[in-house]
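The next block holds one structure in the form of structure tokens; read it before the comments.
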Amino acid sequence: MFRDALRVIATVEDPARRATLYFKLIPAIRRIDPTSVFDVNVLAARSINAIPSLNPEDKPETENFKKYVAGIMVVNWNLLPMLVSYVKNKTRILRDRKEGS
């Protein structure tokens, strides 16, 4: 089931949008097949790395600069909740270990 979703997401041309879709798929994959979460994270990282970087002539008023910033912001907006969740989970685990000692 989720392999079909991965195939569809792989066809998305915009790397920022593709990374966002991978991020949104991770919670479902974590429930269905936790061993595949790493693979989806790799796909998301590759999508982020595929976002074209700016050229020296791309100044803040250029369309290319605006598109780049918008793409990066979309990725950051979707990545932040995952990072916060990860930190909360690790903090809880460490607190539980400390209390168990």
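Sequence positions, counted from 1, serve as the residue numbers for this chain.
A single hydrophobic cluster is seen to contain both Tyr22 and Met73, as judged by linkage of ILVMFWY side chains at heavy-atom distances under 4.5 Å, directly or through other members. Under the 4.5 Å side-chain contact rule for hydrophobic residues, Phe2 and Phe23 share a cluster. Cluster membership check: Ile72 shares its hydrophobic cluster with Val12, using side-chain heavy-atom separations under 4.5 Å among Ile, Leu, Val, Met, Phe, Trp and Tyr. Val37 is connected to Ile32 through a chain of hydrophobic side-chain contacts under 4.5 Å among Ile, Leu, Val, Met, Phe, Trp and Tyr, so both are in one cluster. Residue Ile9 is not grouped with residue Trp77 when hydrophobic side chains (ILVMFWY) are merged at heavy-atom distances under 4.5 angstrom, including chains of intermediate members.
Interatomic distance, Lys66 NZ to Lys59 NZ, rounded to the nearest 0.5 Å: 15.0 Å. Distance check: Leu83 CG to Lys88 NZ gives 12.5 Å after rounding to the nearest 0.5 Å. Of the inter-residue distances, the one linking Asn64 atom CG with Leu54 atom CG reads 6.0 Å to the nearest 0.5 angstrom. The distance from the CD1 atom of Ile26 to the CG atom of Leu43 is 9.5 Å, given to the nearest 0.5 Å.
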| Evaluation steps, side chain to side chain contact (heavy atoms under 4.5 Å, CB included), between Arg3 and Ser36 | CA-CA 10 Å; Arg3 295 285 173 205; Ser36 295; 3.6 Å; yes

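Ion pairing between a basic and an acidic side chain is recognised when a charged N comes within 4.0 Å of a carboxylate O; Asp14 and Arg18 show no such pairing.
The salt bridge (charged side-chain N to carboxylate O under 4.0 Å, His left out) search around Arg7 returns Asp4, not counting sequence neighbours. Evaluation of the side-chain contact (heavy atoms from CB on, under 4.5 Å) rule for Val74 yields Thr20, Asn78 as partners, not counting sequence neighbours.
In terms of heavy atoms, Val75 sits closest to Ala19 at CG2-CB, 4.3 Å. The shortest non-hydrogen separation linking Ala16 to Gly71 is CB-O, 3.5 Å.
A heavy-atom distance below 4.5 Å is not found between the side chains of Asp39 and Ile29. Between Arg46 and Pro15, the closest side-chain pair of non-hydrogen atoms is not below 4.5 Å.
The main-chain N or O of Pro27 is found under 3.5 Å from a side-chain atom of Arg31 such that the two form a donor-acceptor pair. Using a distance-only test at 3.5 Å, with no hydrogens or angles considered, no donor-acceptor pair links the side chain of Thr62 to the main chain of Asp58.
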